Amino acid sequence: MSILMSVLRILAHAAILGSLVSGDAVSDLWDQGKASLDAQLAKSTTCTQDNLLVRQEWGDLEPAEKKAYIDAVLCLTTSPSKLDSTQYPGAKTRYDDFVAVHINQTLTIHGTGNFLSWHRYFTWAYENVLRTECGYNGSQPYWDWGRWAADPESSPIFDGSDTSMSGNGEKIEHGSGGFTPAGNGGGCVQTGPFKNMTANLGPITPAITPAPPANPRTDGFGYNPRCLRRDISNYLSSRYTRTEDIVSLIQTSTTIGTFQNTMQAAGIRMGVHAGGHFTIAGDPAGDFFTSPGDPAFWLHHSMIDRTWAIWQMQNLESRLQVIQGPRSMMGGREAATLDDVVNLYVIAEKPYKISELVSIVDGPFCYTYA
Ligand SMILES: *[C@@H]1O[C@H](CO)[C@@H](O)[C@H](O)[C@H]1NC(C)=O
Ligand SMILES: *[C@@H]1O[C@H](CO)[C@@H](O)[C@H](O)[C@H]1NC(C)=O
Ligand SMILES: *[C@@H]1O[C@H](CO)[C@@H](O)[C@H](O)[C@H]1NC(C)=O
Ligand SMILES: [Cu+2]
């Protein structure tokens, strides 16, 4: 009897451990850095164990949690914009405000020294607005590319069910924007919670044909309502965003410069950043400027952020207060510094220095990844 009880207890214990350690090679790297993150949390003046939000992979959320997140996003898409409608006539909804902020800064936040910190703050601002303006009490979920790399279309993120981020676009005759052969969709998203979602801003660099209607303004801020189009396929995911690709990115990048450049590579060898964006593809997801207009953007960038955090945690002491790269991707090789300021204007209360945006448990941030 007591032997049986202890065997059962050991099995139960193993099951609990098993559920905490999700077990792929990327989460193993997280686990290896966990003690240093805990030590940093203990030293933090702004973040404690009690208010730490835990970001989870979409596939690990309960149906009710997925619905709560989806409802909050739909709330953003039906709340009014806070931007001036003369300057930004295409910004109709609060959701559009995020797209406008990204369009506005696109050329100084990609291929630059602030790429990672800017998008960390941007993704956090979104999570924060979902919570403060749309009554959401959960966290920003992420898309573990590796977990669904073989077939993203059938993943719980893109399967088109009520608890997904909506499915692929309708299958239409189309061409791709260059990085991939045309995929399985190309038309309007017609399934799931975001089938009625409208993209209002952009496009600026559409990556699909037939091209979406042109924006009435060259800056992309004009009002240009159109359906959300996607062209999901496993072409890139099965080659460039597998678990082994993520592990290799983390393990072979010894400087922040090589890490961010390898991640952002777009061309013959795709990094996970472009790989994820062009796995969704279409409009606005495949548009360099307007990509946050697809609600799956935030799950992708949360994974970008998690991957950066894991890279940092392999040696927190030397990988936190570091920066490399220019301030702009348009010539001008002026180097970014940790004192440069990130300003998100209408979607976040205050600007921060990059040095305040490098730790997930300091500055405005207080979250972790499961
Ligand atoms: C765009 O950037 C300028 C500063 O360059 C700023 O004044 C303006 O508020 C920004 N617009 C948005 C929508 O963030
Ligand atoms: C968050 O909201 C859900 C659904 O409304 C509710 O069941 C849950 O108890 C809430 N959790 C917290 C921590 O408030
Ligand atoms: C889409 O819009 C139509 C018409 O306004 C509405 O009946 C339907 O419920 C909407 N569907 C979703 C998923 O919001
Ligand atoms: Cu971006």
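Just so you know, these numbers come straight off a predicted model, no measurement behind them. Numbers here are sequence positions counted from 1. Both counts, for ligands and for their atoms, begin at 1 and track the order of listing. We use all heavy atoms of the structure for the numbers below, so side chains are in, but hydrogens, waters and symmetry mates are not.
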Polar side chain donor-acceptor pair, S81 to D97, under 3.5 angstrom = yes

Between N200 and T198, do the side chains contain an N or O donor and an N or O acceptor separated by less than 3.5 Å?
-> no

List for me each residue that meets salt bridge (Lys or Arg N to Asp or Glu O under 4.0 Å) alongside E244, sequence neighbours excluded, and say none if there are none.
-> R242

What protein heavy atom is closest to atom 4 (C) of ligand 1, reported as residue, atom name and distance in Å?
-> Y345 OH, 3.4 Å

Atom 14 (O) of ligand 1 [closest protein heavy-atom partner, distance rounded to 0.1 Å] = N104 ND2, 3.5 Å

Rounded to 10 degrees, the angle NE2 of H102 makes with NE2 of H119 at the Cu ion (ligand 4) | 120°

Would you check whether V101 reaches within less than 4.0 Å of ligand 1, judged by its heavy atoms?
-> yes

Just grab all the ring-ring contact (aromatic ring centres under 6.0 Å, His included) pairs involving residues 66-89, residues at least two apart or on different chains.
-> W58-Y69, Y69-Y136, Y88-F221

Can you list the atoms of ligand 1 that are under 4.0 Å from a heavy atom of Y88?
-> 8 (C), 10 (C), 11 (N), 12 (C), 13 (C)

Pairing of R120 and D305 as salt bridge, 4.0 angstrom limit = yes

